[in-house]
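The chains referred to below are lettered A, B, ... by the order of the sequence lines, with proteins before strands, and numbering in each begins at 1.
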Amino acid sequence: DGGITQSPKYLFRKEGQNVTLSCEQNLNHDAMYWYRQDPGQGLRLIYYSQIVNDFQKGDIAEGYSVSREKKESFPLTVTSAQKNPTAFYLCASTHPFSGELFFGEGSRLTVL
Amino acid sequence: RKEVEQDPGPFNVPEGATVAFNCTYSNSASQSFFWYRQDCRKEPKLLMSVYSSGNEDGRFTAQLNRASQYISLLIRDSKLSDSATYLCVVNGRGGSYIPTFGRGTSLIVHP
């Protein structure tokens, strides 16, 4: 079955540590996105990539970094510069013709 | 003005009620429209795509009004299991458009 796989599902981090969240898709989609969701809030765009080897900052990119070396993979690194990283992180891709979004199950990051 | 606006609610309705949500969007170049359902602490899941001709799936009906730039979702005969947050998503086609989300409308169906 095609889809998006995010890992890990839960992650605990000490302050000052970088962590990388994995996002892999086998849908052959060009466009991929990372969103952050805080409790009771909507989704906010962190970074997006519309094609391999290219990515753009979203609305809240500060303290985050990404890479897109392969079409299938779009990892997100939460750096120590992100002041409030505890959140639910969602990776998504879009179907090129319908525009439908496909989501991974999310990664829940907690900073201790 | 936000690109996609939804009333956050919550909408608190009894079982069996009919409830309607609206969502307005500002980009007239938008080409694809969706309603997603998100349960607490889970990822959003596609509920329905929305077409100009309207579409229906069981108790759910979605409509698009391009002239007024809004989409709607009607839920008939509400069930307890319909309790969730409903997200309006507006997108284009091709690589140049960034999908845009409403903040979501919370629905609580009570016995």
Side-chain angles (χ1 to χ4, degrees), chain A residues 3-6 9-10 21 23 25 27 29-61 68 71 86-110, chain B residues 2-10 21 23-25 27 29-52 55 57 62 64 66 71 83-108:
Chain A
I4 295 186
T5 302
Q6 285 187 244
K9 199 166 183 178
Y10 299 96
L21 308 180
C23 177
Q25 55 109 348
L27 299 165
H29 290 167
D30 286 312
M32 297 185 73
Y33 310 86
W34 273 105
Y35 295 95
R36 169 181 171 142
Q37 189 174 37
D38 294 285
Q41 304 296 314
L43 277 71
R44 292 187 290 168
L45 182 64
I46 305 172
Y47 266 98
Y48 64 97
S49 169
Q50 293 174 321
I51 198 166
V52 67
N53 290 322
D54 186 54
F55 51 82
Q56 305 295 332
K57 292 182 179 180
D59 301 318
I60 55 164
R68 188 83 187 276
K71 190 175 188 176
T86 295
F88 186 45
Y89 291 88
L90 285 159
C91 179
S93 68
T94 48
H95 190 283
F97 302 116
S98 70
E100 179 184 344
L101 279 128
F102 294 77
F103 287 92
E105 291 188 335
S107 293
R108 195 165 298 277
L109 172 63
T110 302
Chain B
K2 288 187 178 179
E3 290 188 50
V4 178
E5 294 201 51
Q6 288 182 257
D7 181 346
F21 307 138
C23 167
T24 59
Y25 62 96
N27 188 341
S30 302
Q31 295 180 306
S32 52
F33 309 87
F34 308 92
W35 284 102
Y36 280 74
R37 169 191 170 130
Q38 187 176 25
D39 292 291
C40 189
R41 302 173 72 85
K42 298 280 191 181
E43 77 276 20
K45 294 186 177 176
L46 180 68
L47 179 65
M48 299 179 78
S49 301
V50 189
Y51 307 112
S52 297
N55 48 311
D57 183 3
L64 165 65
R66 285 190 183 270
I71 69 175
S83 298
T85 297
Y86 291 83
L87 299 169
C88 167
V89 182
V90 176
N91 203 357
R93 294 196 178 92
S96 60
Y97 199 99
I98 308 302
T100 308
F101 290 79
R103 191 181 161 184
T105 299
S106 175
L107 173 65
I108 301 169

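Within a 6.0 Å sphere centred on NZ of A:K71, other residues, nucleotides and ligands contribute more than 12 heavy atoms.
Side-chain polar atoms of B:E43 and A:Q6 form no donor-acceptor pair below 3.5 angstrom.
The two residues A:F88 and B:R41 come nearest to each other via the heavy atoms CZ-O, 4.1 Å. Between A:S98 and B:S32, the shortest heavy-atom contact is O-CB, 3.2 Å.
In this structure, the portion of A:R108 lying under 4.5 Å from any heavy atom of chain B is its side chain and not its backbone. Only the side chain of B:Q38 comes within contact range of chain A, with at least one heavy atom under 4.5 Å from a heavy atom of that chain.
Distance check, rounded to the nearest 0.5 Å: CG of B:N91 to CD of A:E100 gives 10.5 Å. Annotation: the span from A:F97 atom CZ to B:Q31 atom CD amounts to 13.0 Å, rounded to 0.5 Å.
In terms of modelled atom types and a separation under 3.5 Å, the side chain of B:Y36 and the main chain of A:L101 share a donor-acceptor contact.
Each of A:L45, A:L43, A:T94 was scored for a side chain to side chain contact (heavy atoms under 4.5 Å, CB included) with B:P99, with one residue passing: A:T94.
Taking B:F34 as the reference, nothing meets the ring pair (Phe, Tyr, Trp, His ring centres under 6.0 Å) condition, with sequence neighbours excluded.
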